[in-house]
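The sequence lines fix the lettering, A, B, ..., with proteins before strands; numbering per chain opens at 1.
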Amino acid sequence: MSTRELTFAQAIREALDEEMARDDRIFILGEDVGAWGGVFRTTETLFEKYGCERVIDTPLSEEGFVGLSVGAAMTGMHPVPEIMFGDFITLVMDQIVNQAAKMRYMTGGQVQVPITIRATMGGGRSSGAQHSQSWHAWFAHVPGLKVVLPSTPYDAKGLLKTALREPNPVLFFEDKVMYHKIKGPVPEEEYLIPFGKADIKREGTDVTLVALSRMIHPTLAAAERLAAEGISAEVIDPRTISPLDEETLIQSVAKTGSAVIVDEGFNRFGTTAELAAVIAHGAFDYLDAPIERLGAMDVPVPFSPVLEFATIPDEEKIIAAVHRIMEGRRR
Amino acid sequence: MAQHKSKTSELGRNTLLEMYRRMLTIRVFEETVFDVYRKGWMPGLAHLSDGQEATAVGVCMTLRTDDTITSTHRGHGHIIAKGGRVEPMMAEVMGKVTGYCRGKGGEMHIADVSLGILGANGIVGGGLGIAAGSAFTAKREGEGRVSVAFFGDGAINQGIWYETANIAVLWKLPLIYVCENNDYTQFTNSKKLISGEGLAARARVMGMKGVEVDGNDVQAVFQAAHELVEAARNGGGPATLICNTFRYGGHHSGEPGTAYRSKEEIESWKKHDPIPFFENQLLAQKIITPQEIESMHDEVDKRLQTSVEMARQDPFPDVSEVTEHVYA
Ligand SMILES: Cc1ncc(C[n+]2csc(CCOP(=O)(O)OP(=O)(O)O)c2C)c(N)n1
Ligand SMILES: [Mg+2]
């Protein structure tokens, strides 16, 4: 297999390109996704290649163009609306939650709603409280939706290609900090990554670190430093939280006896809470320390970097959480 | 306000009789559902549309089977008008597995996608995005299909109308917005809720036609809708049709609709009941005989009675179905 290095954004664009070439029902729509190439450059060159009929610049009408996408999906297309900043997804809640998610169920299986909603997430850019939030947990709460959070260019491409072949509504969250900063190997050959299959990013025996999206990177860095201290950490990336690969999480904790869960969504009632519950139930007999939940601090995301970075999990906080677990064990 | 004159001569006898039959079917369906509700044979509440039959039928009779509609919480009429069958509708109302949606949708969410009925919707304005999307697909496929969005006068104050109307005009989507103006948004007179000159004017400002019509005159509705539908089919883009009409019953079957509407108001609308109004036109023009009317009434009554008997005997869904159809 020949492999090149791509950025996260390039991997996304390549997945879109390949799937659009394969399936002419797929079309992209959103704000400045066309001639401009996307605010984060993820649709660059697609407008030139596929034209304004398949890469469509919309008015600033998030509910309107996502609502339109739901109807287009119900009638046989596969729309890919882009929510420029995931924060704006609040404007589209009815279309996602009350329309897309339950049309199939309410009609007794008469329709499919193949729609891939791409939205950004993540702070750390001093963008303020309305351009930094990570709302994936909300959608994992809704029956009928699938929720995907890639952490590497390899995963982003393989998971997005799967999303674009899904007959169900998918929320695909892309951490905008990774777009141009994270580079990684992506094979030239075609591949798909199935939903509901966690990836063990690093094997270990002493503690399980579960991390999502960009949080994988500080978590892997923390695992490296912990290894130097003689602590062997296993790092697991669920990759999709709906469906969730419960088995891989439970088996890992059955082996290590403890878990730290790292996520950039808010901690309270968030992804960290659900994953902790899954582990607490499934690996109850094996746990020898309280599960550590590292979500974003439960405050609006602040602007000043000193404040903002205080709210987001990082390498130091992950290491501190593992140390708490280790100390608890010694006592 | 453009009131369209009826042009009966342009419609064939069969079409006129089918229009009459569908209006009658809607009326009897709604009366039957109310009866079913009162007898405790259905769970929940029913949102009935008796009084508004001419709007649903006048619009849907201009459509092809592959044209789509989206409907509202008050959707039974639209579904019957578009060709929906009363038997699976009645079963759905009762939550039976033989219902259109296997008992998962219910009274407010009936759909028959094979007939282009993309579903009634419990969210006021909820069908507008879906209708725009269906129009998008129709335009892409280029087979002259159109999409109709039914909605109430209450829904015209929802943001989704403006967002999709703007897009539909910009992209010339074959989308017809049909507002059933029955003057009430639940329990409040809509005059108190709508600024300016109302939806026709708002439509024109958005860059599309805004036409108003007597929604109780089925032929007038047909003529007005036909013009807009054909224009949309031929690439003319979206339009808005406002049909002025009135619901006889309450907002739902659990209230009579008399606390916030005067007797006089209700009676004055009943004097312009769409069914006798159309009946008189058909009789005057000798398109139908009184005997034919009577036998059609009998036929429709019987069909509805049978649908109730059948639905009552039908099984409820097996509980194992509860997890089916969440995902494809
Ligand atoms: C978004 C939303 N808001 C409120 C309601 C509650 N509700 C149901 S029907 C209705 C009135 C709708 O009035 P209109 O659109 O004129 O339709 P009509 O009932 O007159 O047919 C209201 C307020 C709802 N279902 N959805
Ligand atoms: Mg109304």
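If you measure heavy-atom distances from A:Ile56 to chain B, the contacts under 4.5 Å come from the side chain alone. For B:Ala111, the parts sitting under 4.5 Å from any heavy atom of chain A are the backbone and the side chain alike. Looking at B:Val322, both its backbone and its side chain come within 4.5 Å of chain A, counting heavy atoms on both sides. With a threshold of 4.5 angstrom between heavy atoms, A:Phe65 approaches chain B through its backbone and through its side chain. Heavy atoms of B:Leu128 lying under 4.5 Å from chain A are absent altogether. The part of A:Pro59 that comes within reach of chain B is its side chain, from C-beta onward, which places non-hydrogen atoms under 4.5 angstrom from that chain. Contact annotation for B:Ile110: neither backbone nor side-chain heavy atoms come within less than 4.5 Å of a heavy atom of chain A.
Partners of A:Ala273 according to the side chain to side chain contact (heavy atoms under 4.5 Å, CB included) rule, which considers only residues two or more places apart in sequence or in another chain, are A:Arg293.
Separation of atoms CG (A:Leu29) and CD1 (B:Ile167) is listed at 8.0 Å; rounding is to 0.5 Å.
The greatest number of non-hydrogen atom pairs below 4.5 Å with chain A, out of B:Leu173, B:Ile130, B:Leu170, is found for B:Ile130.
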For a quick check, list the donor-acceptor atom pairs closer than 3.5 Å between chain A and chain B, or say none.
from: A:Glu53; atom 1: O; to: B:Arg140; atom 2: NH2; distance (Å): 2.4
from: A:Glu63; atom 1: N; to: B:Glu163; atom 2: OE1; distance (Å): 3.2
from: A:Gly64; atom 1: N; to: B:Glu163; atom 2: OE1; distance (Å): 2.5
from: A:Thr75; atom 1: OG1; to: B:Thr137; atom 2: OG1; distance (Å): 2.7
from: A:Gln99; atom 1: OE1; to: B:Asn121; atom 2: ND2; distance (Å): 2.7
from: A:Gln99; atom 1: NE2; to: B:Asn121; atom 2: OD1; distance (Å): 3.2
from: A:Tyr105; atom 1: N; to: B:His325; atom 2: O; distance (Å): 3.3
from: A:Tyr105; atom 1: OH; to: B:Val322; atom 2: O; distance (Å): 2.6
from: A:Met106; atom 1: O; to: B:Gly105; atom 2: N; distance (Å): 3.4
from: A:Gln110; atom 1: OE1; to: B:Val113; atom 2: N; distance (Å): 2.8
from: A:Gln110; atom 1: NE2; to: B:Tyr100; atom 2: O; distance (Å): 3.1
from: A:Gln110; atom 1: NE2; to: B:Ala111; atom 2: O; distance (Å): 2.9
from: A:Gly144; atom 1: N; to: B:Tyr327; atom 2: OH; distance (Å): 3.3
from: A:Leu145; atom 1: N; to: B:Tyr327; atom 2: OH; distance (Å): 3.4
from: A:Leu145; atom 1: O; to: B:Tyr327; atom 2: OH; distance (Å): 2.6
from: A:Asn168; atom 1: OD1; to: B:Ala328; atom 2: N; distance (Å): 2.6
from: A:Asn168; atom 1: ND2; to: B:Ala328; atom 2: O; distance (Å): 3.3

